[in-house]
There are 2 protein chains.
Amino acid sequence: MRAFERPQAVTIRDVARVAQVSPATVSRVMNRRNSVDPELTRRVQQAAASLGYQPSAIAQGLARGRTGLIAIMVPDLGNPMFQSVLRGISRAAVVEDYRVLVTDSHEMPLEEPLLARETRLRVDGLVLCAPRAHDHELSELAPKLEPFVLVNRRIAGLATSTVSVDYGAGVRAVVAHLTALGHKHVAYLSGPMASVSNQERLSTLHEAARGRFELDVLECGSMHEDGYEVADRALATGATAIIAYNDLVAIGALGKFQQTGVAVPGKVSVVGFDDIPFARYSMPMLTTVAVPQEELGREAWQRLSAMLRHEEPPADVCFTPRLEVRGTTAPLRP
Amino acid sequence: MRAFERPQAVTIRDVARVAQVSPATVSRVMNRRNSVDPELTRRVQQAAASLGYQPSAIAQGLARGRTGLIAIMVPDLGNPMFQSVLRGISRAAVVEDYRVLVTDSHEMPLEEPLLARETRLRVDGLVLCAPRAHDHELSELAPKLEPFVLVNRRIAGLATSTVSVDYGAGVRAVVAHLTALGHKHVAYLSGPMASVSNQERLSTLHEAARGRFELDVLECGSMHEDGYEVADRALATGATAIIAYNDLVAIGALGKFQQTGVAVPGKVSVVGFDDIPFARYSMPMLTTVAVPQEELGREAWQRLSAMLRHEEPPADVCFTPRLEVRGTTAPLRP
DNA sequence: TTGTATGCGTTATCAA
DNA sequence: TTGATAACGCATACAA
């Protein structure tokens with residue numbers, strides 16, 4: 001039989017024939033085994049060059065039992081936060097000659113397990129970035145996904161490498177900041193319910209707000225438009241400060257306030273999360289909880305890379321975010 | 001021998017043994033060949049389920065001569081424009097069961113050919129998004145990259161599918177707009193010199209400006225910071241309107257003007273390219289040349305998909321961008 | 001309809 | 001050091 005796609009133009013056998021050696025020797029030369037006679041080495045290299053030979057990655061994959069590929073699954077490729085993580089991973093992995101496959105789960109918690117498992121089949125390892133699936137589903141699936149690294153998510157009883165952010169600390173910093181500014185009524189624009197980091201922000205917020213200020217929570221989302229649409233209602237609660245699920249939402253709200261002539265931070269303060277590049281370019285510049293996004297990606301790769309080498313990965317890391325006080329927060333003015 | 005990674009837990013042979021059939025029959029069942037006895041089909045499915053069998057994608061790839069993977073190469077994963085194209089491709093491809101591998105060429109024209117070729121080895125087809133490499137290098141390389149689709153780039157004498165944007169028309173629309181507003185002196189913040197679309201914008205601009213207004217060109221870049229840094233010098237030329245290479249640069253310049261108290265559009269008008277999501281959320285809202293970014297990705301996939309099926313791809317498409325007049329442009333006020 | 005045998009392109013074992 | 005040869009896991013002619 002033959003593959004129905006055109007078979008690879010030139011194979012290791014062609015090179016072997018031209019160089020008058022065995023395929024095994026060609027393989028050795030291509031893989032820089034230094035146990036080949038210089039003369040043969042030269043012949044092989046010349047033959048390979050003249051034929052334009054390139055080893056088949058698929059065949060190598062099958063023979064070696066590895067693909068040289070890893071995958072990252074993100075909830076939404078449209079979110080700058082995840083783009084940055086992807087960028088960090090991609091740039092770190094390429095140095096070690098790994099390529100990155102990217103899967104967008106479209107914020108669909110129920111489809112994630114299937115998607116993850118299917119993706120895993122085509123690569124050597126996985127990075128699950130802020131997975132939305134349920135704990136127990138991920139736990140069950142874990143053995144079939146290994147090796148994998150979790151970003152922005154921890155799962156009780158699961159001993160896999162994790163790279164995360166202490167959003168609780170971030171929330172407390174925000175609360176302290178707003179309290180110091182005199183705010184007594186705060187609205188939280190809540191992100192996707194499936195987002196564990198949203199849950200963390202929310203619960204810490206409830207806790208930290210107690211006795212300090214009134215807290216209203218509004219269902220929102222994770223994109224500009226979500227913030228834009230919910231902004232008015234947030235203001236209508238009487239809140240004088242708004243904490244957004246992320247920078248996108250915050251900037252969306254800012255847009256609406258600008259349009260309707262609501263002064264920021266004069267009438268209402270706004271805080272975001274992530275510190276995406278655009279946060280410095282909103283007007284006023286967005287006060288936000290800065291998360292080292294690309295570094296999250298790099299750290300994730302460090303761990304996955306170690307696992308791929310069958311080494312012990314570095315210890316879990318949890319970044320403490322830094323509150324970037326910029327222009328969208330100000331003292332309460334009655 | 002054995003693969004040095006743990007061999008796949010369960011193979012087609014294990015299923016065959018449990019189901020008491022031949023591996024060939026298992027293969028037929030897994031691939032929905034409808035020539036298998038219902039009883040055997042049942043036995044195979046049950047065996048596969050109980051063993052948790054998943055066919056090895058690598059082995060399938062080798063046997064079928066295809067990987068089920070495509071790749072997209074972009075100059076910079078940090079650019080929202082390319083992110084959107086990636087998103088469009090990824091979402092279109094997954095529907096047809098293709099996964100997407102992403103390669104970031106770091107805006108390095110010289111490394112692109114190697115990167116492209118190496119990437120091509122691991123996938124069935126390629127999308128080159130705004131490649132920065134030289135025409136002749138791409139032409140030479142073309143046979144080894146096929147099938148591939150070009151986005152935002154056309155190469156003389158190269159008969160490969162192309163999805164592009166008529167930036168010339170976009171530039172003329174901008175020029176007409178600014179001229180109508182009375183501007184007599186315009187500065188262009190030039191993008192990466194290796195960017196062909198930058199060259200197109202530049203040459204059309206020179207042409208269109210002739211006899212209408214004075215044109216200053218400033219070397220800039222493609223990111224926020226580039227626009228931020230060059231903004232002052234652009235103003236110092238005496239220009240009353242600034243055309244930026246893209247929205248990122250425009251927004252960067254806007255940020256600087258905001259900081260230094262330069263009124264936009266009162267003192268200077270600003271125009272961008274692309275219409276990234278953030279363009280609606282700058283203040284004022286950015287006047288920009290809107291490019292259908294995700295659609296570029298979808299159209300690219302349409303063509304690549306056809307080529308992968310050995311069908312004739314749809315004709316080349318060239319989008320005419322639409323000028324979105326928003327808040328950063330205004331009549332010249334002396 | 002089912003099973004046997006072969007090939008996909010490489011790597012790796014083992015004997016020479 | 002080199003070359004047969006056997007995997008790797010699957011899909012598919014071909015024979016039964």
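Worth saying up front: this structure is predicted, and the values here are computed from it rather than measured. Chain letters run A, B, ... following the sequence lines, proteins first and then strands; every chain starts at 1. No hydrogens, no waters, no symmetry mates; every other heavy atom, side chains included, goes into these values.
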Checklist entry - Nearest-Å distance, OH (B:Y53) to C1' (D:dA11)? => result 10 Å
Checklist entry - Separation of A:Q20 atom CD from D:dT2 atom P, in whole Å? => result 14 Å
Checklist entry - B:S56 side chain N/O closer than 4.0 Å to the phosphate oxygens (OP1, OP2) of D:dG9? => result no
Checklist entry - Rounded to the Å, how far apart are B:I12 CD1 and C:dG3 P? => result 12 Å
Checklist outcome for this item: Distance col, row A:D316:CG vs A:E299:CD, nearest 0.5 angstrom, shows 11.0 Å
Checklist entry - Does any non-hydrogen side-chain atom of A:V74 lie less than 4.5 Å from one of A:T103? => result no
Checklist entry - Whole Å only: how far is the CZ atom of B:R43 from the P atom of C:dT2? => result 9 Å
Item to check | Sugar-phosphate, base or nothing in reach of A:V21, heavy atoms under 4.0 Å | outcome: sugar-phosphate
Next on the checklist: Can you measure A:R13 atom CZ to C:dG7 atom C1' for me and round it to whole angstrom units?
Outcome noted: 9 Å
Next on the checklist: Please classify the nucleic acid contact of B:T25 as base, sugar-phosphate, or nothing, using heavy-atom distances under 4.0 Å.
Outcome noted: sugar-phosphate
Checklist entry - Does a nitrogen or oxygen in the side chain of B:Q60 sit under 4.0 Å from OP1 or OP2 of D:dG9? => result no
Checklist entry - Taking everything shown except A:R91 itself, do over 12 heavy atoms lie less than 6.0 Å from its CZ? => result yes
Next on the checklist: What's the closest nucleotide to the side chain of B:A63 if the choices are D:dT1, C:dT11, D:dC10?
Outcome noted: D:dC10
Checklist entry - What is the distance, rounded to the nearest whole Å, between atom CZ of B:R64 and atom P of D:dC10? => result 11 Å
Checklist entry - Once you round to the nearest 0.5 Å, how far does CG of B:L126 lie from CG of B:L69? => result 11.5 Å
Checklist entry - B:L62 CG to C:dT10 C1': how many Å, rounded? => result 8 Å
Item to check | Whether over 12 other heavy atoms sit under 6.0 Å from A:L158 CG | outcome: yes
Item to check | B:R33 side-chain N/O to D:dA11 phosphate OP1/OP2 under 4.0 Å | outcome: no
Checklist entry - For DNA chain C, whose closest nucleotide is more 5', that of B:R28 or that of B:A59? => result B:R28
Next on the checklist: Does B:L40 reach a base, just sugar-phosphate, or nothing at all? Heavy atoms under 4.0 Å.
Outcome noted: sugar-phosphate
Item to check | Distance, rounded to the nearest Å, where A:R32 contributes CZ and D:dT1 contributes P | outcome: 18 Å
Checklist entry - 5'-most contact on DNA chain D: A:P23 or A:S35, nearest heavy atom basis? => result A:S35
Checklist outcome for this item: Of the candidates D:dA11, C:dG3, D:dG3, the side chain of A:A24 sits closest to D:dG3
